[in-house]
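What follows is one structure encoded as structure tokens, with my remarks underneath.
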Amino acid sequence: MRILGVETSCDETSAAIIENNSVLSSIISSQDIHAQFGGVVPELASRAHVRLIIPVVEKALNTANLKADTLDGLAVTYGPGLVGALLVGVQFVKGLAAALNKPFIGVNHIEGHIYGNLLSQKDYRFPIIFLIVSGGHTQIVLMEDHLKYKILGKTRDDAVGEAFDKGAKMLGLPYPGGPEIDKLAQLGDPEYYNFPRAWLKDNPLDFSYSGLKTALLTFLKDKNKNEIQLNLNNICAAYQAAAIDVLVQKTITAVEKYKSERIAIAGGVAANSLLRRRLKTECDKKGYEFYLPEFKYCTDNAAMIARAGYEYLSREIHSDQSLNAYPSLKLESV
Ligand code: KG4
Ligand code: ZN
């Protein structure tokens, strides 16, 4: 099956073509316009998607050396995300599917991230404990089979990617802050300062990242610019260590509780070098299988949406023209 995937849920306009499990093309146009504002401006994102969607889809088709009428189906992110941004992709794919008279499917963005990981694996088995970590989401999910999920825990406030981005902003680093903190942290001492970890006794698999952010704000208040600059690497290392420690320990707790000795990570923060290293060490020590996504399938991309779409379209599960954008869509099983 040959599928066109389209992703426009935030600030990446992306289109990809996959044939079963192989990626024929994957085009991502990142909207640089948001950097000057230190975060994504929703209205600017929608306008940029409108401008970019046709050239990006054309480039995906040209790179794969294909004509649109040779597609077997289309897949598009319909939530969660920014409503205006989502609408561009949804309306575009509905129109193209009608014009081509091909089936299409609306895909959950979080499910897309999960399939971004599986797209990177030659071989995998279920059940898998999935840690999904991005700018908008922090969840631990038990994936029992294709399209079958049980949510074990999620953040009660901020997502871990948001903690990275907002922390970086407080430190005067460019947006998105996650990769910047990751880079500087490699040169710093994680024990320079002890930032708080939220363990949450009532559901040990839930997360909370608002306290970490506030702790950084408080820490920075009585420091002058020079002092911060001199210790920037150490502050990044200590802040990152606090954020990642919680992710690692809770993922291991989930494995022990649900007796699924397989761990996978997905989403933008799955690119974090400390998270990858720490989970790999834990898995090697305990003999668990560890499914790591390729870097290019961690952050938002349309190949992951096409891959998730394949699971639906190959089971003849389709959407119809009533499909709408759904900004607060939750991950659910079929
Ligand atoms: O999955 P994604 O592209 O978009 C959402 O669905 O939110 O994730 C983007 C997030 C941003 O918060 C970004 O700072 C974070 O992923 N990120 C990282 C790293 N690379 C991207 N966070 C920590 N370390 C990284 N290396
Ligand atoms: Zn994402």
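Ligands are counted one by one from 1 in listed order, and the atoms in each one are counted from 1 as well.
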Aromatic ring pairing H146/F126, orientation class (parallel under 30°, perpendicular over 60°, tilted between): perpendicular
Nearest non-hydrogen protein atom, atom 6 (O) of ligand 1: H109 NE2, 3.1 Å
Near the Zn ion (ligand 2) (under 2.8 Å) - protein N, O or S atoms: H109 NE2, H113 NE2, D300 OD1
Identified side-chain contact (heavy atoms from CB on, under 4.5 Å) counterpart of V133 within the set I140, I244, L275: L275
Closest protein heavy atom to atom 24 (N) of ligand 1, given as residue, atom name and distance to 0.1 Å: N272 ND2, 3.0 Å
Contact with ligand 1 for C10, non-hydrogen, under 4.0 angstrom: no
Donor-acceptor contact below 3.5 Å, side chain E162 vs main chain A159: yes
Non-hydrogen atoms of F104 and A97 that approach each other most closely: CD2-CB, 3.6 Å
Location of contacts on D300 toward ligand 1, heavy atoms closer than 4.0 Å: both
Shortest protein contact, atom 8 (O) of ligand 1 (heavy atom only): G268 CA, 3.3 Å
Numbering as shown, the atoms of ligand 1 that approach D165 to under 4.0 Å (heavy-atom distance): 11 (C), 12 (O), 13 (C), 14 (O)
Residue and atom name of the nearest protein heavy atom (relative to atom 7 (O) of ligand 1), distance in Å to one decimal: G135 N, 2.8 Å
